[in-house]
Amino acid sequence: MRYWLFKSEPSEWSWADQVAKGEDGEEWDGVRNYQARNFMREMKLGDLGFFYHSQKDKEIVGVVRICAEAHPDSTTDDERWDCVDIEAVAPMPKSVTLADIKAHEGLQDMPLVKSPRLSVQPVTKEQWDTICEMGRYGK
DNA sequence: GCCAACGTTGGC
DNA sequence: GCCAACGTTGGC
């Protein structure tokens, strides 16, 4: 099982939009970046991810699960682009802000901090556990 | 195949 | 709203 982070601008696609989709999930489409695509190709059914709001909020607001592995992006005919489907699992009881992450020992190496523009990123088990604790995301 | 130009993203 | 960083595109 691996962990990931999905970044979205809330005005484009927010956590509320994701939750509204329920168990059907939604394509994480529109990604036109090779690194991000490659990460999506590595994702397995059941992997978990953080849902991050960029721009105004800059915080992790919820947890999602991969509910379909990589398949062609339906928003383009360009066969280079694949995407996965994700479904909302639960909100973060306490959202974890970018400032929190930057201030926290051991989290400064996250791509979120180092490569803020990468829209899909891997998260290590240690980082995952730390952030869950910060967000009071329980077992 | 290189590299300059351009567009986009996202933090501040 | 600005600007820096980065990735992609396209001309050569």
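Naming: A, B, ... by sequence-line order, numbering from 1 per chain.
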Rounded to whole Å, the CG-C1' distance (A:Leu112 to C:dC6) equals 16 Å
Using only side-chain N and O atoms of A:Lys102, determine if any of them is under 4.0 Å from OP1 or OP2 of B:dC12. yes
Expressed in angstrom and rounded to an integer, what is the separation of A:Gln35 atom CD from C:dA5 atom P? 17 Å
Take atom CG of A:Leu98 and atom C1' of B:dT9, then tell me their distance rounded to the nearest Å. 14 Å
Separation of atom OH in A:Tyr34 from atom P in C:dT9, rounded to whole Å: 6 Å
Would you say that A:Ile66 contacts A:Leu48 through its side chain, given a criterion of any heavy-atom pair below 4.5 Å between the two side chains? no
Between A:Arg41 and A:Asp82, is there a side-chain N and carboxylate O pair less than 4.0 Å apart? yes
May I ask you to decide whether A:Arg32 forms a salt bridge with A:Asp73, counting only side-chain N to carboxylate O separations under 4.0 Å? yes
Interatomic distance, A:Trp81 CH2 vs C:dG7 P [rounded to whole Å]: 12 Å
Whole angstrom is fine here: how far is it from NZ in A:Lys56 over to P in C:dG1? 14 Å
Can you tell me how far C1' of C:dA4 sits from NZ of A:Lys114, to the nearest Å? 18 Å
At under 4.0 Å, does any side-chain N or O of A:Tyr52 touch on OP1 or OP2 of B:dG11? yes
Is there a donor N/O on one and an acceptor N/O on the other, under 3.5 Å, for the side chain of A:Arg117 and the base of B:dT8? yes
Between A:Arg2 and A:Glu42, is there a side-chain N and carboxylate O pair less than 4.0 Å apart? yes
Choosing from C:dT9, B:dG11, C:dG7, which nucleotide comes nearest the side chain of A:Arg80? C:dT9
Can you see if the side chain of A:Gln55 gets near the phosphate of B:dG11 - specifically, an N or O under 4.0 Å from OP1 or OP2? no
In whole angstroms, the gap separating P of B:dG11 from CE of A:Met110 amounts to 13 Å
